[in-house]
Structure formats: structure tokens, C-alpha cells
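Input: a single structure, listed below in C-alpha cells.
All figures in this text were calculated on a predicted structure; none of them were measured in a lab. Chain identifiers are assigned alphabetically (A, B, ...) following the order of the sequence lines, protein sequences preceding nucleic acid strands; residue numbering begins at 1 within each chain.
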Protein chains: 2
Amino acid sequence: MTGDRSMCRVTAGDVARAAGVSESAVSRTFTPGASASARTRERVLKAAEQLGYRPNFIARSLRARRTNLVGVLITDFENPWPQMALRHLVSALQARGFHALLFDVEDADSLAGIVPLVLQYQVDGLIVGAADVSAAIVETCSATGTPIVAFGRHGRRRLGISSVASDDAAAGAGVADLLFERGYRRFAYVAGEGGSLTWNSRGRGFVRRAAALGLDPVQRHLSGETSYEAGGRAAARLLGRLPRPDAVFCQNDVLALGFLDGARDDFGLNVPADLAVVGFDDIPAAGHRPYRLTTVRQPVDAMMDATAELLARRLEEAAGQGEERLLPTRLVERATVRPG
Amino acid sequence: MTGDRSMCRVTAGDVARAAGVSESAVSRTFTPGASASARTRERVLKAAEQLGYRPNFIARSLRARRTNLVGVLITDFENPWPQMALRHLVSALQARGFHALLFDVEDADSLAGIVPLVLQYQVDGLIVGAADVSAAIVETCSATGTPIVAFGRHGRRRLGISSVASDDAAAGAGVADLLFERGYRRFAYVAGEGGSLTWNSRGRGFVRRAAALGLDPVQRHLSGETSYEAGGRAAARLLGRLPRPDAVFCQNDVLALGFLDGARDDFGLNVPADLAVVGFDDIPAAGHRPYRLTTVRQPVDAMMDATAELLARRLEEAAGQGEERLLPTRLVERATVRPG
DNA sequence: GCAAATTTTGCATTCGATTGCAAAATTCTC
DNA sequence: GAGAATTTTGCAATCGAATGCAAAATTTGC
């Protein structure tokens, strides 16, 4: 009998009958701020309790034109950082009364294809992580008036998109400063893929500051993907030819870990004496004893909270430009850069 | 104007007017299997295209009493394995036309509190990961006829709950066999928390096989949580007193990694010569060069696919007992156990 | 070309809760 | 205690799509 879905559903009408009031009274009892006398409220609550009634969100959403559902679209799902981000995001949304409708997006292209589907669920908003929001998507969403908040990278504010990101440019510059101060002089930057605004700002801040410090141009390597293995390949490439860099900044920790292991195992380099390696994100493995990776910590928790907040704000004051929030990072010094 | 949600919503009525047909015709065009002539269908499709119409899932769900929404409840959200699992689960659900409504559950106790909220969204089913499903939850769900599928651990089939898990008992026994065959004799088992069925079967299979092999009783250590740091603490405890175990099986990779680093750094042990360490899950870091951890791989992909499948099945053939699916694991031999 | 069988169509109702409006009940004032 | 002001209440309509039913249109058979 467990599975008979049709029979056991308790509606407001049932409660109304049991409590001897109208359906409206039941509805008002469950609508904060609605006018209902204490006596009615009490009777309704008792009847509801007995019958196990809870308002049907689907019906409520239909009438209220508001679902409290937020579509969450994440592309880089297999990487640790987006996963950490997701966890905090879900909490932050829950704390604000929203709920996450989660979609896995294979690649950036399929994002545009999934958006219409998400909109069919009448989500109140969309949160897009670690992916570029194309103009097509913006158009689709603005047709239904659904706000978008991006996290992990900026851009498209003009189109009404809010976004939250860490201050990658400043972080990149900070890494350059640190490495310079500790006596490293030949810098390299390892990126996963091209095209991303964040990666660009991360690397750009680094490259610019290096130039400002009067160093030789930073060697750049594009690994094609952000994985441990790709980090190892990057090491093989960058360290295999002279002049060899003596300090490498990687676009994220996973790459940095791969690079670090490659540098040590395949080239017998001593880190941090011969080579400095700096990552980005501060994933759990970065703190493991074989690594002790010096890295840039993104304030995941604060970022995701800001993301939820910007969405909530967008929902209140409908129109207008998007808001961009830039959060400061923190340099976590461990053991892959010489101490000062 | 972007944010004006009320104005831009296209309904079936709008399309009907534009196409010169009735609302029903529009509905039927978008309902596979409904009867509509080719000519009508074509006109509707054209009008819909022009207006950018897509059926409202909320309205459809209300009428159809089916949302295609699945509540996904995960407790162990910060650990790598549940994260991997989540990713595959979302894909598997998407492939079957379901969508994941994701909830972060602080601890096992708050699970029961969240379930009623999830049910208010009229989810078609619930998927619970890495947590015990209490009787209270089962009761709440059976009142609405919502099926539950658990993954990561078994139990409660009688109550109509389907579940998917890897064959942990067999895996534990297999680890014991491997270690014995490679000449290790003093076994220890490190668990994170007590109480869990899976952990028990993982450890139980190991302990039992060790006994069957005529070995001394397996030392057990309960670390209280499953983290890298807890693994290190377990190493300090277990290796700090004699007789010291020469083979340690950890409940998961994160613990194993912590244990391994503790054994090497704090005790100067040579792994695998002096000590064998075996983990469980095969998370990405287990394959990293400083670790090369011998471990048991759970078939995440297959498990999550089975989870989605069991849910789908539960939805079709409503009633009856739950189904339990046990998937085989694979021993991944790397470098923390002596080669044979 | 006519009747029978089939398909297509639109009307009206339904899903479950919310809400504007006006009537009814309560509270307040003097 | 009468009348004004306020609160509470129920009715009926609404949100957007799906569907049983019967009428209308089409196809089929001869």
C-alpha cells in the first residue's frame, strides 16, 4: 500500500472540513502575515497536525508565480572547487528559503540548451557557476524575467547579470609580489583552458605585476584541461627546456599538485629551493603533508553567501543593472615557496 | 525592464490565440501521444516558436500529480566520494527525465526534519545518500506514497526502501586476502564513525576474513570522523604502541591518506615494506604520485545509475518491497601494499 | 456518394492553494 | 448599548495546463 500516491494526499479542503472552517482560513493560517483569528488558527493547526497536512508548494507556486526554486548550473563539476562551492551554495540558498534545482552541464555549449528546460520549472532565478554566460542565455532568461547570477567569473553586468568572484587580478599580483620578494625571477603561468575571464584575470594580474617588477616576460602554458595529469604534463613541458622557470603559478590547485609532483619526480627538483609552485583555491589536498602547497584561498563560503544574496536582491528590486561583487582572497603560505 | 516577471510569460492560451486553435490543441501538441492532426500540430509549433512558448512545468505538475522532481539528500557532503556520487546521480537522473532538488543535510538528525519540507515540493521520490533512513522518515514518506532509494548503505528493505550499495563485505574480505597473501599478519581497521551499516560491513568482512585466515584479532580504531586529520591521529594512536600492526585497512581514502602520511612522517615507516595501507573509494588523490594508494574502487557510475533506475522502477510499479542492489567493487593495486 | 468508423477538436472541469471583495463578526468609543 | 472602526471570514475567481466527454470533421468501406 505504500506506493499508492493518489489516496493519501491531504489538501487544504480536508483540513478545512475537519476544522469546520473555510479553505481560505486554512490558507491564511499557513500564510505568514495573513489575517486569521487566534481561535481559527489554533483549530486549523490542530486539524492539520492530525491529518498531517502541509501546503502543496506546487499549487502555491502556480498561484503565487513564485517557486522559491533556483536553477543551479555547474559545468566544472568534477573539480574540487566547484564541489565545495556547490555545497556552500546549497546551504546559503536554503538559509534564504530557496532550494537548488541542480543540473550538470557537460560543457559550455550545452549550457544554452539546458537553460530553457530549467526555465520550464519556473525557477525564480538561475545561478551559473564557472561558465561563460552567453548572450543567447541572457536573452532566453530576460524573456521570462529570470535573473541570473554568475559566480567564479565576472562580465555581462550590462546585460543585467550579477556576479560574484574573488579578486583574481589582485591575487595574481600578490603571488607575483611574493615570488619576487622571495628571490624568484623567472616566472611561468599554467592555465587550464583559454577564454575564461577569471583565468585571464588571475594570470593577467600575475603577468602584469611581473612586468611591473621588471622581470622577463612570464612564460605561459595552456594545458587544455585542469587536471592533475595536465599539471604533470605542463611540468614536463615547461621544465624540459631552458631557461627553466624558477617559479610557477598555476590556475588552480589540482594543476599545481600535478605540476609539483612532476617537478619533483621527473626532474628531481627541490621545491621550494630550486622551484616555487603556487596554486589557487586551497582545496583540502593542498594542505596534505606531501604537498603543503602555498596557494591562494578563495573565500568560498562568503562567495556563495554573496551569490545567494545577490539573487535574493535581484528578486526584490526587479529591474536594473547587475551588481558585481569582488571578494578578497587570502594568500596561504605553506612550503612550496621559500620562507621570507 | 529585464526584471518584470509578470508581463512576459507566454501561456498556452496565447499560443492558441495566435495559432487560431483551442488551448487543448496546444496542450495536446506538447503531450506526446495525444491526438492532434499534423496541420494543427504544425501551426501550434510555429506559433509557439514565434512566441517562445514552453509548457509551464509547475502547472503541468499540479494537474498531472507528477513533478519529475527528485529530492536528493546528502549528509556527507564535504567528502570526495559523496561529491562524485552526486555528480553521477544528477546525470543519471537527468538521463531519465528527472531533476534533482538538492538539500544539504547537516547531520543525520536534521534529515528527519528536512524530509517534510522536501515533500512539500511534491517530489516524485527521495534519494538519500550516506545516511541512515530512520523509521520516522519512512513513515512520513509513506503517508504521501513517496518512494525512497538509499545509496551507500543497505537496510530497511522491509519498509519498502530500495537501496544501492557496493559489496563492502566482499571487498573487506578481499582486502584481508590480499594483505595475507602478501605476507602481512597483524591487521588493523580504521573506521570513521560507528553505527553505519556500510562501515560495519566493510570492516566486518575484513575482520571476519582475517579471523578465518587464523590471524590475531584485528585491532580497531574509531576516529570519530572521516577526515585527513583524523587519519593522522589514527596513525599516531595505532602505531604508537606495540605490537604495531603491519597492515591497515581504512574505511575510506581520505582517512587512508592521512594515515599514510602520519605513518611515514611521524614514524618513519616504509610503506609498503614495513606497513601496508589500503583505502576505500578510489578518490582522485589516491592516484597522486606521493600516494599511489592501493584501494577499493566503488563503481560510482554504475551505482548512481542503478539508484536512478530503482527509483524509476519504484515509480512505475507502485507498491511492494524495496529492492536491494549490491554492486561489485574492484581492488585497485598501487603501491601501498607489497607486490605479489 | 452515403453510412459507418475513426480521428480531431473544443468546452468545461480539474489539480491545490491564494487572494480581492464584500459580508459578517468582533472590538472600540462615547 | 448604539454606532463607528476594525478584524475576520467565506465566496468566487485565478494561476497554467491536462483531460473526459461529446460534437465536429475526417477517413474508410462499399
Side-chain angles (χ1 to χ4, degrees), chain A residues 5-45 47-48 51-69 119-124 144-145, chain B residues 5-45 47-48 51-69 119-124 144-145:
Chain A
R5 299 173 58 78
S6 55
M7 102 189 171
C8 334
R9 204 164 248 108
V10 182
T11 74
D14 299 331
V15 177
R17 217 169 307 120
V21 296
S22 75
E23 249 181 87
S24 329
V26 177
S27 170
R28 285 193 256 257
T29 301
F30 287 96
T31 307
S35 97
S37 71
R39 208 167 57 97
T40 308
R41 181 160 269 137
E42 200 186 333
R43 279 157 95 193
V44 169
L45 249 23
L51 294 161
Y53 169 79
R54 311 214 85 198
N56 179 328
F57 280 170
I58 295 297
R60 171 182 292 183
S61 298
L62 180 59
R63 179 76 233 258
R65 297 148 149 276
R66 175 162 184 163
T67 54
N68 289 320
L69 249 31
L119 292 178
Q120 289 195 270
Y121 276 108
Q122 314 296 118
V123 293
D124 290 342
T144 56
Chain B
R5 299 173 58 79
S6 56
M7 102 190 172
C8 335
R9 204 164 247 107
V10 182
T11 74
D14 299 332
V15 177
R17 216 168 306 119
V21 296
S22 75
E23 249 181 87
S24 329
V26 177
S27 170
R28 286 193 256 257
T29 303
F30 286 96
T31 306
S35 96
S37 71
R39 207 168 56 98
T40 308
R41 181 160 270 136
E42 199 186 334
R43 278 157 93 193
V44 169
L45 251 22
L51 294 161
Y53 169 80
R54 313 214 84 198
N56 179 328
F57 280 170
I58 296 297
R60 172 181 292 185
S61 297
L62 180 60
R63 180 76 234 260
R65 297 149 149 275
R66 175 160 184 163
T67 54
N68 288 321
L69 249 31
L119 291 178
Q120 289 196 271
Y121 276 108
Q122 314 297 116
V123 294
D124 289 343
T144 56

- [ ] Using whole Å, report how far CZ of Arg39(A) lies from P of dT9(D).
- [x] 8 Å
Task: Atom pair distance, as rounded to whole Å: CZ in Arg43(A) and P in dT8(D) - done: 15 Å
TODO: Quick one: label Ser27(A) by what it contacts on the DNA or RNA (base, sugar-phosphate, nothing), any heavy atom closer than 4.0 Å.
DONE: base
TODO: Between dT9(C), dA17(D), dG16(C), spot the one nearest the side chain of Asn56(B), thanks.
DONE: dA17(D)
Task: Phe30(A) CZ to dA17(C) P, straight-line distance once rounded to whole Å - done: 10 Å
TODO: Could you check how far CZ of Arg41(A) sits from P of dT7(D), rounded to whole Å?
DONE: 14 Å
- [ ] For DNA chain D, determine which residues of residues 17-26 of chain B have any heavy atom closer than 4.0 angstrom to one of its atoms, and list them numerically.
- [x] Glu23(B), Ser24(B)
TODO: Whole angstrom is fine here: how far is it from CZ in Arg65(B) over to P in dA17(C)?
DONE: 10 Å
Open item on the list: Does dT26(C) have its OP1 or OP2 closer than 4.0 Å to a side-chain nitrogen or oxygen of Ser37(A)?
Closed with: no
Open item on the list: My understanding is that only one of Arg41(B), Arg43(B), Glu42(B) makes a side chain to side chain contact (heavy atoms under 4.5 Å, CB included) with Leu45(B); could you say which?
Closed with: Arg41(B)
Open item on the list: Let's test your reading of the model: under 3.5 Å, does the base of dT14(C) pair with the side chain of Arg63(B) as donor and acceptor?
Closed with: yes
Open item on the list: So if I take every side-chain heavy atom of Ser35(B) and compare against dA17(C), dT8(D), dT9(C), which nucleotide ends up nearest?
Closed with: dT9(C)
TODO: Can you measure from CG (Asn68(A)) to CD (Gln120(B)) and round to the nearest 0.5 angstrom?
DONE: 11.0 Å
Open item on the list: Heavy atoms from C-beta onward define the side chain here; which of dG16(D), dA17(C), dT9(D) lies closest to that of Ala59(B)?
Closed with: dG16(D)
TODO: Find the distance Asp14(B):CG to dG16(D):C1' and express it as a whole number of Å.
DONE: 11 Å
Could you go through residues 19-28 of chain B and list every donor-acceptor pair under 3.5 Å that involves a side-chain atom there, pairing it with any protein atom two or more places apart or in another chain?
unit_1: Ser22(B); atom_1: OG; unit_2: Ser24(B); atom_2: N; d: 3.3
unit_1: Ser22(B); atom_1: OG; unit_2: Ala25(B); atom_2: N; d: 3.3

Open item on the list: Please report the interatomic distance CG(Asp14(B)) to OH(Tyr53(B)), rounded to the nearest 0.5 Å.
Closed with: 9.5 Å
Open item on the list: Can you measure Asn68(A) atom CG to dA17(C) atom P for me and round it to whole angstrom units?
Closed with: 16 Å
TODO: Could you tell me whether the side chain of Arg66(B) reaches within less than 4.5 Å of the side chain of Asp124(B), counting heavy atoms only?
DONE: yes
TODO: Report which part of the nucleic acid Ala64(B) touches: base, sugar-phosphate, or nothing (heavy-atom distance under 4.0 Å, all strands).
DONE: nothing
Task: Quiz item: Arg28(B) side-chain donor-acceptor pair to dG10(C) base, under 3.5 Å - done: yes
Task: Side-chain N,O (Arg60(B)) to OP1/OP2 (dA18(D)) below 4.0 Å - done: yes
Task: Euclidean distance, atom CG of residue Leu62(B) to atom P of dT13(C) [Å, nearest integer] - done: 18 Å
Open item on the list: Checking Val44(B) against Phe30(B) for the side-chain contact (heavy atoms from CB on, under 4.5 Å) test, could you report, in this order, the C-alpha distance in whole Å, the side-chain angles of both residues, the deciding distance, and whether it holds?
Closed with: CA-CA 9 Å; Val44(B) 169; Phe30(B) 286 96; 4.1 Å; yes
Task: Separation of Leu69(A) CG from Ile58(A) CD1 (nearest 0.5 Å) - done: 7.5 Å
Task: Side-chain N or O of Tyr53(A) closer than 4.0 Å to phosphate OP1/OP2 of dA17(C) - done: yes
TODO: Can you see which heavy atom on Ala48(B) is nearest to which on Val15(B), and at what distance?
DONE: N-CG1, 3.9 Å
